[in-house]
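This report refers to the structure that appears directly beneath it.
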Amino acid sequence: MKYNFNEIEAKWQEYWAKNQTFKASNTSEEAKYYVLDMFPYPSGAGLHVGHPLGYIASDIYARYKRHKGFNVLHPQGYDSFGLPAEQYAIQTGQHPAVTTENNIKRYREQLDKIGFSFDWSREVRTSNPDYYKWTQWIFIQFFESWYDKEQDKSLAISELEEIFSVEGNKRVKAACDEDIEEFTAEEWSTFTSEEKQKILLKYRLTYLAETEVNWCPQLGTVLANDEIVNGVSERGGYPVVRKKMTQWSMRISAFAERLLQDLDKIDWTESLKESQRNWIGKSVGAMVEFPILSFPKGEEKADSEKAPSSGAGGIRVFTTRPDTIFGVTFMTLAPEHELVQKITTPEQKEEVDAYIAASAKRSERERMADVKTISGVFTGAYAEHPFTKEPVPIWIGDYVLAGYGTGAVMAVPCGDQRDYDFAKHYDLPINNIFENADISEEAFSGKEGTVIANSDFLSGLKYKEALQKVILELEKTGHGYGKTNYRLRDAVFSRQRYWGEPFPVYYVKGMPQMISAEHLPLTLPEVEKYLPTETGEPPLGNSTEWAWDTVNNVIVPNQEIDEETIFRLELNTMPGWAGSSWYLFRYMDPHNEETFVSKEAQEYWQNVDLYIGGSEHATGHLLYSRFWTKFLKDRGYLSVEEPFKKLINQGMILGTSAFSFKLGNTIEVYDRNSLSFQGKTGESKSKKELFENVTDDLNTVKDKYKKAFITKIDISDKPIFISRKNMEESQDEPGQCENALSHLFDEEIQSRIQNKEFTIRYHPYSVHTDVSLINDSNQLDIDGFKKSRPEYYNAMFIGEEGNFIDGNNDTYIVRREVEKMSKSKYNVVNPDDICENYGADTLRMYEMFLGPLEQAKPWNTAGITGVHNFLKKLWKLYHNGEEFQVSEEKASADSLKTLHKTIKKVTEDIENFSFNTSVSTFMICVNELSVQNCNQREVLEPLAVLIAPYAPHIAEELWAKLGHSDSIVTAEYPVYEEKFLVESTKNYPVSFNGKMRFTMELPLDLSKEEIENTVLADERTKDQLSGKAPKKVIVVPGKIVNLVI
RNA sequence: GCUCGAGUGGCGGAAUUGGUAGACGCGCUGGAUUCAAAAUCCAGUGACUUCGGUCGUGUGGGUUCGAUUCCCACCUCGAGUACCA
C-alpha cells in the first residue's frame, strides 16, 4: 500500500480539528507545561518555509511533553495591529481590519496544513476589541501607579497622594521626572486639583511629557529606539530625525536594575542576555558638579558685562572615572545642552550659534556615520574645578550626546581617547595623571592596577581606592555623589498611527483623564483617510466621532465637545509592542470578560516554560514583556516576576537569490554538478576547477555585477527574472518588485519599467529541475530547453549556480547569494508547495534535519528527498507489499536493541533541543530495522509513538492501523530499558602513538592486564612493534588501547 | 572599535567529563531493474599514494600516551552594538 501522504494528512488534520484533540484544560491533576511561539504578524505575503521552523520545534516539544503526561498549553494567535496593514490602507483605502482578517485566514490555512498541535480555542488577536480592552486596562494601571525606589516596587498612586497629604514629597524616593520641586503637606493641601494632577503626572509610570523623540517624517510617526536600525526606521528604512513632542512614555527606566539582575534567573542564551545587558547599559560612577565661573581668574569685568550665570549653580556631569578628576583640562557640553545659551560669552555667541545650527541640521544618521570628524566650539565660559579651584574652559562638541547622562562631560584627555583627540585637535592641555603611562600617542585607558599620580589627595592610590576616596570626598564637599547610570531610556508609548490600540484617555483643560475601566473597550473609530490631518494631527484626527461624553460614558461626535462634560479623546494610538507585552497571560484565560486573566488560571499556568522565536526581538518585545510582567506582579495581578523561563532563538532560514549575467565572450566550461539534471554524461568539473578557469571573468563580474547586468541584459527578449505565475503585487509593499530590482537597471530601462513596458516577474527557487538540458547530440542546448520548458529555463537561471553556454556561444554566469528570505528578493519558498509535493511530515522533519535549531542555515529544496524517502521506508516497515502487516511474535534481540538505542538517543536529543540529530537517529533506526526485516508490534508500536511528535500524521495513521481507536496523542511515551543494550564485548581500537591501526573484539569483563596481554600477543601488534618492546601501554577498559613506542 | 558566537569532505552537518574524525542526508560514481526514463534496490565516495602507507577538523605554538575537544597567540566569517563619558 502506497504512502499517500496527502490523503493521510488531510484526514488527521480534520480529525484533530473535529475532536479538539489539543484543547488544554485549566483544571488538571497533571503537571502543567506551557510552550509558546512568538505569535506572528499576519502579513500579506503569507508564510514562507522560514516561518514555521520555530513552530515545528515547539510543536515537537509540546507533543513530546503530552506523551510524557504533562498538561500542555500550546496556543497560537496573531499580533494583528501594525504598520504594513495601515500602509496598505493608505495606498488602497481598504480598511486594515479587512486586510488583516484576510491575511489571518490565509495564515491559518497555511498553519493548519503543517499539522501543528495548537489549541485554537484560545486564539488571541491584538486588534480584537475583546483583547485590546485589556491592553487599555493595563495602560490605566500604569497611569494609576508610581515607583517607590525604597521598596523597589510599583505602588498605587493613591498611596503617594496619601504620603503627600501627610508629609509632602521631601522623603519620597520615587522614579520620577527630575524637575520636581519640594513641597510640604501644608503646601500640598493648598494646591488646586489641577496643580496636584500636574505633579502626580511626573510620578506616574506612564506619563505625558514633552520629550525629544525619534520622528520619522515618511511614516508620519515617532519610533522607539529599538525600532530604529542604523539611524533609519526598521520598517521601510526611512530617515529619522530628533524632534520635541508631547508624548506618552512608559517609565521602564525605573525597572532597569531589576531587569538587569533578573536576567540571571532565566534560562536564555548568553548572547541574548548580553544584548539586553548592553541595552540597559548600566554604568557605575559619580555625578559631579562643576560651578560655573563667569570669567576666568584675573579677567574680572564690570557686572553688566558678565555672562549670566546658571541658576542651576553649575554643570552636572556623569563620569565612570571620577578617580581621574585631576586630569580634567576642559569640559564639553552637547550642543543641545540647556546651559549653552546662558553661559556663552558675547564674543563667542556668533560662533556658538552657527555651530548649534549646523549640528541641528545634521540628521542622526549623518552624525553617526561621521564619527571621525572632530568638531566643537569654545563657549568663552569657564567652570571651576571642584578640588583645584582652577578655571576649566567649557566647550561644546557634538561628540557629546544630549541623550546620555547629563549631556555634558568632564574631559580627561589623558584617560579618554575622544577627549584626547579633541584636545589635540584644538590644542588644549593634556595633563598626565597616571604613573608610568605613555600618553604621547594616545590616551591611557587602563583601569586595574593603574596608579594615580599628580592628583593631590589621590596620588599614589590604585584605581579602586582612588575611586572610593574621591566619591567620599565629593560627597563631603557637596560637589557630587556616587551614582549609577543606565542607558535604558523611558519608552515612548504614543504613535501617530491609525491601526493600533486607542488610548482610554480624554483631555480636560490639557490634563489627561482616564476613562474608567468598566467602559472599555474604547473602540477604534472609522476614518475617511488613514493619513495625518492637514493640520498635522494623527489619523484619528480625521474622525468626526472622537469625543467622550463623561455623563453617559459613550463616544459622541466631535461637534458636541463643550469642555464641560464632553471632551476630546486622545488622537495617538499605542505602539506595536503594547499588545505583545502581555499576550502570554491572555492565552491562559482568553475568554474571561471580568479580568485580563483570572488568578486561578494564572496561578495554574504560571508563566511560559519554553518560548521560541527570533532574536530580532531581543531589545524590543522581550524587554517590554519582562517590564510589564514585573509591573503587573508588583501590583498584585500576577504571581510571577518573569514571563519566559526558557527561551530559544531559532535561526533564520535563508533564501537563495540568484543573479544571471550574459557575457559576450565565451568561456568553454560548464559545471554539470550545479545543474541537477541527470542521466546523460557530460564534461564534469569540480567547482574549484571551474572557478580557477574563469577567475578573470568572475572577478570582473563580481566587482561590477551591477554594470554587467545592466549592459548585457537583453530586455527585449524578456527579463531574466521570470515566473510561472505573474508577480503578485505585494500587499505589504506595493511596487516592491520594481523597487527591489531598480538598482540593477540604468535610468532608461527603469523608466521603461515604470511605463509598464516590461513586466518584471519573480520565481521562487523551489522548482524541480528535472528536465534535461542536453540535446540528442550531447550538447548543452539552452535554446531548445528554453522553448520547450520556458518556466524551468528561467528557474534554472534563478536557482542554480554555474556557467552556461547556449547555442549562440553566449555564456551565462549565474551566481547565488544567500540572504534572508523576503518577497522583495524573490527567494521565497512556500511551505504549501512542499506540503503538496512531499507532505507536512516531510516538511517538519526536513526543517529539523537542516541543522541546529539556533543556527542560521540556507534552504535547499533538493535535499528534501532524503527525508521523504525515510518516511516511505518507515511506512514500508509496517507493510508487506500492499498489505498492512505487523507480527505479534517476539521481536529479535537486535530489533529490541535498535529500538531502545533509539528511544535513549531521541529522548536525550529532544530534551537538549537537538532535533537535527534525532532525525538522523530515526533514519538509522529505520535503516537497521529494514535490514533486520523487523515487523513485530513489540518494536513498531513504540516506534510510532516515538516519531509522533516529529511526523504526527503518519504516526496517527500507523497507530490506527495498529488497532487503536483513540489518537496517538494520548499514548504513553516508550520507556528506555538498559537491559536491551547490554554488551558483552567491545571492539577496541588499538592505537600506536595515538594513531589507530586496527580494532580487536574483546570481552568487556577482561581486566586491564588481560587486555594488555591479549593485545600484545596479537600478530598485528607484533608487526607494528617490529620486534621492539613498547615503552608504555595505556589501557582504558571499555574505551581504547594505546601503545607508545 | 567593543561584545558574543562560529570555522570539520563537493554541500547541510555528526562526534567534545580528551579516547576509532567525517554519523545521517544530499550530491556524485558504478551496478541491478527498464525499450527508455522516473521510482526502487545494491556497492563505492576526505585528500594524496610507489597500495606499504602518508596527510587531514581556519593558522602557528603548547599541555598530553592520545587534542576537532584543553591552554596561548593570530587569521577569517557571522550576529549584536556603536562617540555611553
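Values in this document were obtained by computation on a predicted structure and should not be read as measured data. All heavy atoms count here, side chains included; hydrogens, waters and symmetry mates do not.
- Salt bridge annotation for A:E274-A:R277: present, with a cationic side-chain nitrogen under 4.0 angstrom from a carboxylate oxygen.
- With B:C26, B:A14, B:A85 as the choices, the nucleotide that has an atom nearest any side-chain atom of A:T865 turns out to be B:C26.
- Scored by the side-chain contact (heavy atoms from CB on, under 4.5 Å) test, A:K876 finds no partners at all (sequence neighbours excluded).
- With sequence neighbours excluded, no residue forms a salt bridge (charged side-chain N to carboxylate O under 4.0 Å, His left out) with A:E1012.
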If pairs are Watson-Crick or G-U with both distances under 3.5 Å, what is the dot-bracket string of RNA chain B, marking crossing pairs with [ ] and pairs to another strand with |? (((((((..(((......[....)))((((((.......))))))(((....)))..(((((..]....))))))))))))....

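- OP1 and OP2 of B:A85 both lie 4.0 Å or more from every side-chain N or O belonging to A:R487.
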Go through A:T329 and A:N431 one step at a time and tell me if the side chain to side chain donor-acceptor pair (under 3.5 Å) criterion holds. CA-CA 7 Å; A:T329 55; A:N431 296 344; over 6 Å; no

N/O-N/O pairs, protein side and nucleotides 19-24 of chain B side, under 3.5 Å:
none

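- Proximity of A:S615 to the phosphate of B:G80: no side-chain N or O atom is located under 4.0 Å from OP1 or OP2.
- Taking syn as a glycosidic angle within 90° of 0, B:G31 does not qualify and is anti.
- An OP1 or OP2 oxygen of B:A6 is reached within less than 4.0 angstrom by no side-chain nitrogen or oxygen of A:Q855.
- Going from the C1' atom of B:A21 to that of B:A47 covers 14 Å, rounded to whole Å.
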I'd like to know whether A:E257 forms a side chain to side chain contact (heavy atoms under 4.5 Å, CB included) with A:K282, so could you lay out the CA-CA distance, the side-chain angles of the two residues, the decisive distance to 0.1 Å, and finally the verdict. CA-CA 8 Å; A:E257 188 61 31; A:K282 179 179 182 175; 3.1 Å; yes

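- Side-chain N/O atoms of A:K857 include none lying less than 4.0 angstrom from OP1 or OP2 on B:G12.
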Between protein and nucleotides 44-54 of chain B, what N or O pairs are separated by less than 3.5 Å?
unit_1, atom_1, unit_2, atom_2, d
B:U54, OP2, A:R997, NH1, 3.1

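- Judged purely by atom type and a 3.5 angstrom limit, A:N993 has no side-chain atom pairing as donor or acceptor with the backbone of A:V1044.
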Does the pair A:S375 and A:Y355 meet the rule for a side chain to side chain donor-acceptor pair (under 3.5 Å), with working shown? CA-CA 9 Å; A:S375 70; A:Y355 184 74; 2.7 Å; yes

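- By the ring-ring contact (aromatic ring centres under 6.0 Å, His included) test, A:F849 is found to be paired with no residue, residues two or more places apart in sequence or in another chain being considered.
- Ring to ring, A:H868 and A:Y846 are not that close: their centroids are 6.0 angstrom or more apart.
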